[in-house]
Amino acid sequence: MPWTGVYSIMKTAPVNRIIPFSNVDGPGNRCAVFFQGCPFNCLFCHNPETIHLCRHCGTCVSSCPTGALSLSPEGTVVWNKAACVQCDTCLKVCPHGASPRVRWMSVEEVMAEIRRCAPYINGVTTSGGECTLYNEFLIDLFTQVRGLGKTCLIDSNGSFDFEKDPRVLAVSEGVMLDVKATEPDWSRRLIGRDPDLVLKNLSYLLSVGKLYEVRTVLFPGRDKENEETVRTVSERILPDTRYKLIRYRPYGVREKYKQELGKTEAELSYAEHFVELAHSLGAKSAFVL
Amino acid sequence: MSEALKIIQDPTLTYKQELLALARLGESTDDTLRYSDAYYEAKKKGALCDLNEGVMPYRPRYICPDYELLFKKGCRFLELDPPKDLLEALNVLEIFYCHVPSITSFPVYLGDLDKLLEPFVIREDRAFAKKVIGLFLRNIDKVQTDSFVHADIGPEDTVTGRILLELTEEMQLAVPNLTLRYDPELTSDDFALACVRCMLKTAKPSFANHRMFVKEWGERYAIASCYNGLSIAGGGFTLPRLRLYECSLDAKDVDDFLNRELPRHIDLQLEYMDKRVKFIVEESTFFKTNFLVTEDFVKQENFTGMFGVVGLAECCNHLLGITDKKKGFGMNEEATRLGLKIMDVIRDRVAAHVAPYCDAYDHRYRLHAQVGIDSDGMDDSPGTRIPIGVEPTMLEQLEVNELFHPYFPTGTGDIFKFEETYLNTPEAILPIIKGSFERGLRYFSGYLENNDVVRVTGYLVKKSEIEKLRQGKQSVNNVTVFGKGAQDGGHALDRRVQHHEDSAR
């Protein structure tokens, strides 16, 4: 992990974007902070530009139609937010699955934006990329957010061992955990990793009462794999654990992986079948999105 | 072709709409009320607008009767006894409404329906109560055929309030407009969330900042017509408006506007209001003979004049030479600061003017951010709103609104259009309302983007009814035609949509 240690030196973390009001990142109205960088490389990733950090190769600079990108004398790509029209051309041409529109922000800078939203929100959700890459940053951030009387939720892919270092849990209300695949071969294919750590986190978070929600994406035509994942999760979680089943949608998925996963979304009726399965296994709070 | 002939040959007008149009035409033949030449000149230029109130006011513009009094002692003129049960209560109201005048000739305030009906409702079987209140709402929609007809509920949770919400959602009617008087301490979250859910599906109720209104008006205030704060047992005499963009056109610069052109136009509008108020009180018979007055359902001293403004955004942009609205008022600190300066001048000058009558308000008129009319097109945005089509994020829009809403005791508001996922997460909207009310927002309206019943600028119309007019057919609601005009000329239905993850990304 080349960037995990950065915070202790730089006291900043790469932020992809901050959304003042979101109704889909946890309960109530929440400010969602999306960090850049992810240790997984999921085939179905809808925002693959959040996976890697910018290598300052400069490919995007000349492609920008509004001149919002430039190369600094030090050779880094600089993004001019005011000139940007969010056309996403830079994301399309990036050869490294990164984004030049990432801001390296201090906790104080992120807090300044959160304070502005504070009167209107229930809390803050950190997401990504994978926000737990910046565990130290999160601990400082959450401590301050809680000082405002707001709640903190972590949206995570389960790549961080919460049991080994539970400090961030101590300052947050809980985790919204993605369990994408539980069968080892399918997991290695889909997310590039074994499922062990994710499942360990599932059990640990349950045991300490910090599992806010579990999410699983259902893929069209992958009956066996979907069933295996839903079954494994449903057998572990509690009747009142929120279990969100999300239908695969091809929007944003990289072209080469679309071939493999399909160009159509999973049908609602197909997803509802798995909700029934989850319910029958005791996961009474499973629902489809 | 004569104006009268045009009216009676217009295939889109119902009989009642023709009748009202002909009455207006008749009124316009009089010239008893005269104003200064400067007034007429400013009006011709479009800097002042009388909202087609008619040249000879024969009733106050808005009337908010004391329905509690009606239920307590009945009405001699209409031979109505105080109601003893729910059926009688609804019958008394239906009759009384038909005798409450207004600028539109329809009652703009139907009462605090939940409070009025609750003592009767709780004595009935709930299903029966719901059935007859449903019939009552149908009567209102088809008899009081005008979207400026407005009822209030709250702040407390009541059985009647719940029934009204259920029926509002089930019946999907444009009339009446509905407001929740909202106070987070008096209104339970559960009831407020039920209101949010209903608002998303039917564009009503809107949320009124109860604490703010109580501070200005006392407990007995009404929200009438679009979003107008007024006194119960009182109302609004008249509502003309400064069209601020046009007011700014002859100004040499910002200072010239603030020191000369703006005060000049304010004074002209005050002159107009004074004359009309005096005429209504002294010359017309309303305050002398109308049963609403003689039986104390309204009191003349509880009325005030409403000093309206529109087009603050365009005025600021023009004065600062901003041609790209996306970089103007609402998104630009300098323009927003100028807006506040302009509002300070208006507030102070109107507050310094001793108005005739208006006894309950220290003989002062009160400001109103007028919601726009169809003929405004894109020249003057409603009140102090950010122009449609260039709205920033919801957070930024609220922040700007919070600065301007406190100026307007007789009403202002903004409307937010939400994407479908919000239907499942009303609890994501309530904290926004709570937070913004805490910070000075006065009035919050919302609806889902794909509704049939939608809020145009302050009033409700059905998109399907607008479609009828487009096909040359009639719409029973008098206001549908305004909705069509606002959609065509002002793109009023194209406001920004709050998406599930809202960002400037």
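Letters A, B, ... are given to chains in the order of the sequence lines, protein chains preceding strands, and every chain is numbered from 1. Hydrogens, waters and symmetry mates are skipped; everything else that's a heavy atom, side chains included, is used. Just so it is clear, the structure is predicted and the values come from calculations on it, not from any experiment.
- For the side chain to side chain contact (heavy atoms under 4.5 Å, CB included) criterion with A/Tyr120, the lone passing option out of B/Lys434, B/Glu438, B/Glu399 is B/Glu399.
- Looking at residues two or more places apart in sequence or on another chain, you find a salt bridge (Lys or Arg N to Asp or Glu O under 4.0 Å) between B/Lys201 and B/Glu169.
- Neither the backbone nor the side chain of A/Arg30 comes within contact range of chain B; no heavy atom of the residue lies under 4.5 Å from a heavy atom of that chain.
- Among A/Leu289, A/Ile121, A/Asn29, A/Asn122, the residue making the largest number of heavy-atom pairs under 4.5 Å with chain B is A/Asn29.
- Residue A/Glu267 qualifies as open at atom CD: its count of foreign heavy atoms under 6.0 Å is 12 or below.
- Applying the salt bridge (Lys or Arg N to Asp or Glu O under 4.0 Å) rule to B/Arg211 yields the partners B/Asp183, B/Glu185; only residues at least two apart in sequence or on another chain are considered.
- Note that the CZ atom of A/Phe287 and the CG atom of B/Asn424 stand 9.5 Å from one another [nearest 0.5 Å].
- Interatomic distance, B/Thr393 OG1 to A/Ile19 CD1, rounded to the nearest 0.5 Å: 11.0 Å.
- Most heavy-atom pairs under 4.5 Å with chain A: of the set B/Leu430, B/Ile429, B/Ile432, B/Leu398, this distinction falls to B/Ile432.
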